[in-house]
Amino acid sequence: MLSPVPNPADYGITADYGFLSAELPLEVLPDPYYAEWEMIIGNLHPLILSKRLHSVVDTLPILSATHLQTEAEWRRAYVILAFILHGYVWGGDSPTERIPPQLTVPLFEVCERLELPPVATYAGVCLWNYKPIFSDEPATSLDNLACLQTFTGSLDEQWFYLVSVAIEARGGPSIPLMIRAITAARTGNTQTVTECLQILAETIDETNTLLQRMYENCDPYVFYNRIRPYLAGSKNMCDAGLPNGLLYDDGHNPQYRQYGGGSNAQSSLIQFFDIVLGVEHRPTGTSRSDSEQNTEASTKSRNSFIHDMRTYMPGPHRRFLEHVDSVANIRSFVEARRGDSALCIAYDACLAMLRVLRDKHITMVSRYIILQSRSSRQPANSNHPAATNLASAAPTDKRKLRGTGGTALIPFLKQARDETGEPAIDAWARRLLSNGPADKKFAALSKVGEHADGHLEVVGLCGTWTAEENEGGICHW
């Protein structure tokens with residue numbers, strides 16, 4: 001007997017907003033018991049600038065989470081504590097290793113309720129951190145959004161978060177759409193599946209357009225040197241000054257813990273696209289042939305970084321993805337009907353649009369992180385020691401350059417991008433979406449922003465530069 005198809009509403013997911021809450025995030029906790037938290041978060045920028053955040057947090061009373069009533073209040077508390085935590089860790093001249101009980105105790109309570117790790121996540125900085133500018137206009141339009149909290153108070157930081165909010169909003173209606181497609185596939189309704197895939201391809205294409213708007217108001221230098229350090233976690237952060245992670249002191253049993261920081265890989269929407277289309281991701285460095293030839297490698301393919309990022313999603317969202325994963329049937333449905341050209345074209349179009357999204361993301365990461373990491377290196381003859389943070393601690397070996405989530409950047413992103421095209425049905429689509437050697441039957445089409453041999457090249461900004469997979473980024477001046 002087939003497992004029931006999930007109802008998104010059972011997991012707090014709506015047809016209009018997707019993984020965004022149908023209820024707008026709270027701007028202030030209503031109970032005056034939490035006034036001191038609100039005072040700190042309302043003055044986070046000046047407290048960081050004046051170097052007073054530590055002293056203010058250290059003199060706080062240890063507040064309990066028992067006064068939080070609604071789900072919106074629990075989420076607001078998480079946003080407050082996560083932002084204060086990262087400001088506390090990364091707001092000084094060097095990272096702070098010990099987290100005092102004033103933060104640890106309530107943060108652990110809130111995170112246990114929301115089923116999140118005690119670190120800033122995509123949910124905290126994006127999903128639950130926005131408000132409409134005008135209440136009578138759509139609350140999910142990028143041109144009508146503002147952030148509730150930032151570390152820097154800059155336009156660049158707000159825009160960085162809000163582009164993701166707009167993408168989540170635009171992709172939200174595709175969730176019930178593809179649940180409908182899964183249901184239709186069970187009954188052999190090819191027409192409905194085809195129509196749903198056609199709409200999904202258009203939706204992903206529109207998210208690509210939204211992603212490109214990042215360049216409008218988020219400057220790469222500001223992002224890398226001013227914003228990105230605050231988003232870092234404590235996993236793989238030895239170069240940044242946290243070899244053991246963070247010491248969470250609850251007043252009784254202090255423990256070192258390591259977590260990845262906020263990452264777009266924690267977006268439930270993007271993982272939903274992968275799941276419904278049957279895109280499988282392997283651990284970085286593992287090829288498709290390795291998994292096919294090695295049963296153990298195939299088993300481990302479910303334990304890639306992308307799958308690990310589900311543990312950084314709110315509990316209901318994570319369980320929804322797991323439920324969808326257990327009933328996903330679109331890929332097998334299309335593969336069994338290779339003679340249906342309309343169906344196959346619609347499916348391959350979805351893969352193509354999703355691959356383009358990842359292509360654009362690679363280009364963006366290259367501009368915002370790799371190029372900036374080169375220019376941010378401290379001159380060898382400087383007499384002034386640099387402050388140690390994620391920006392200034394770029395490793396000499398670019399293969400070790402990591403994202404805020406804690407993973408190696410370019411190898412991970414390029415492999416995830418390449419895996420997106422693997423399920424393609426049509427032979428021409430497989431050639432277009434693969435990085436293998438050219439087939440003589442088909443034109444050797446280069447990838448977006450890449451040469452035929454797979455390396456990325458961008459012309460513009462500060463010259464012509466490339467991002468090699470084995471180096472993580474080489475700039476040519």
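Without hydrogens or angle criteria, D16 side chain to P173 main chain gives no donor-acceptor distance under 3.5 Å. Checking side-chain atoms of Y230 against main-chain N and O of G91 turns up no donor-acceptor pair under 3.5 Å. T14 places a side-chain N or O within donor-acceptor distance of the main-chain N or O of Y17, the cut-off being under 3.5 Å. No donor-acceptor distance shorter than 3.5 angstrom exists from the side chain of W90 to the backbone of L231, with no hydrogens or angles considered. Not a single donor-acceptor pair under 3.5 Å links the side chain of D325 to the backbone N or O of L321. S332 contributes a side-chain N or O that, together with a main-chain N or O of N329, makes up a donor-acceptor pair within less than 3.5 Å. No donor-acceptor pair under 3.5 Å is formed between the side chain of E137 and the backbone N or O of P132. Looking at Q271, its side chain does come within 3.5 Å of a backbone N or O of I306 through a donor-acceptor pair. A donor-acceptor pair under 3.5 Å is formed between the side chain of R337 and the backbone N or O of F333. Without hydrogens or angle criteria, N129 side chain to C147 main chain gives no donor-acceptor distance under 3.5 Å.
Residues R213 and D143 are paired through a salt bridge, judged by an N-O separation under 4.0 Å between the basic side chain and the carboxylate. Salt-bridge check for K235 with D308: failed, with every basic side-chain N at 4.0 Å or more from each acidic carboxylate O. Using a cutoff of 4.0 Å between basic side-chain nitrogens and carboxylate oxygens, E71 and R113 are scored as salt-bridged. The existence of a salt bridge linking R76 and E27 is excluded, since no basic side-chain nitrogen approaches an acidic carboxylate oxygen closer than 4.0 Å.
Side-chain N/O atoms of T121 and Q266 include no donor and acceptor closer than 3.5 Å. No hydrogens or angles considered: nothing links the side chains of Q149 and Y130 as a donor-acceptor pair under 3.5 Å. Side-chain contact annotation: E195 with Q191, donor-acceptor N/O pair under 3.5 Å present. One side chain, H45 or T150, offers a donor N or O that lies under 3.5 Å from an acceptor on the other. Side chain to side chain, Y368 and Q372 fail the donor-acceptor criterion of an N or O pair below 3.5 Å.
Within the 4.5 Å cutoff, no side-chain heavy atoms of I175 are placed close to those of V324. Taking 4.5 Å as the limit, every side-chain heavy atom of P220 sits out of range of all side-chain heavy atoms of L371. F273 is listed as a side-chain neighbour of S174, based on a closest heavy-atom distance under 4.5 Å. A 4.5 Å side-chain heavy-atom check between L68 and L29 finds at least one atom pair inside the cut-off. Looking at S21 and R75, their side chains come closer than 4.5 Å, going by heavy atoms from C-beta outward. With a 4.5 Å cut-off on side-chain heavy atoms, I13 and N7 do not count as touching. Between I369 and R228, some side-chain heavy-atom pair lies under the 4.5 Å cut-off. With a 4.5 Å cut-off on side-chain heavy atoms, V334 and D340 do not count as touching.
Residues forming a side-chain hydrogen bond (donor to acceptor under 3.5 Å, both in side chains) with N189 (at least two apart in sequence, or on another chain): T192.
Taking both residues in full, the closest heavy atoms of A181 and V193 are given as O-CG2, 3.6 Å, listed atom of the first, atom of the second, then distance. Of all non-hydrogen atoms in V165 and C126, the two that sit nearest each other are CG2-O, 3.3 Å. Closest heavy-atom contact between Q258 and N236: OE1-N, 4.0 Å. Considering every non-hydrogen atom in both P95 and A240, the closest pair reads CG-O, 3.2 Å. Nearest heavy-atom pair, I84 versus W37, reported as atom, atom and distance to 0.1 Å: CD1-O, 4.3 Å. Across all non-hydrogen atoms, the minimal contact from W128 to P314 is CZ2-CG, 3.6 Å.
Tested against L197, the residues D348, I345, I330 include a single side-chain contact (heavy atoms from CB on, under 4.5 Å) partner, I330. Each of V279, I204, V356 was checked for a side-chain contact (heavy atoms from CB on, under 4.5 Å) with L351, and the lone residue meeting it is V279. Residue F19 forms a side-chain contact (heavy atoms from CB on, under 4.5 Å) with just one option from Y122, Y11, F320, and that option is F320. Just one residue in the list M214, E168, Q212 forms a side-chain contact (heavy atoms from CB on, under 4.5 Å) with V163, and that residue is M214.
Atom OG of residue S234 and atom NE2 of residue H86 lie 8.0 Å apart, to the nearest 0.5 angstrom. With rounding to the nearest 0.5 Å, the separation of OG in S268 from CZ in R318 is 9.5 Å. In this structure, NE2 on H307 lies 4.5 Å from CZ on R310, to the nearest 0.5 angstrom. Distance OG1/T203 to CG/L269: 9.5 Å, rounded to 0.5 Å. Rounded to the nearest 0.5 angstrom, L85 CG and L81 CG are separated by 8.5 Å. Rounded to the nearest 0.5 angstrom, I362 CD1 and L357 CG are separated by 10.5 Å.
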side-chain contact (heavy atoms from CB on, under 4.5 Å) between R186 and V327, intermediate numbers included = CA-CA 10 Å; R186 288 186 168 190; V327 299; 3.5 Å; yes
task = Walk me through it: do D274 and R358 pass the test salt bridge (charged side-chain N to carboxylate O under 4.0 Å, His left out)?
result = CA-CA 12 Å; D274 280 335; R358 290 194 157 110; 2.7 Å; yes
request  = Give the C-alpha distance, both sets of side-chain angles, the deciding distance and a yes or no for side-chain contact (heavy atoms from CB on, under 4.5 Å) between I370 and R374.
outcome  = CA-CA 7 Å; I370 295 172; R374 176 185 174 94; over 6 Å; no
query = Can L24 and K131 be said to form a side-chain contact (heavy atoms from CB on, under 4.5 Å), step by step?
reply = CA-CA 7 Å; L24 288 175; K131 64 179 180 179; over 6 Å; no
task = List the steps and the verdict of side-chain contact (heavy atoms from CB on, under 4.5 Å) for Y161 and L127.
result = CA-CA 9 Å; Y161 303 150; L127 299 183; over 6 Å; no
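More than 12 non-hydrogen atoms from other residues, nucleotides or ligands lie less than 6.0 angstrom from CZ of R319. The environment of E115 atom CD is dense: over 12 non-hydrogen atoms of other residues, nucleotides or ligands sit within 6.0 angstrom. Counting heavy-atom neighbours within 6.0 Å of Y215 OH, excluding the residue itself, gives a total above 12.
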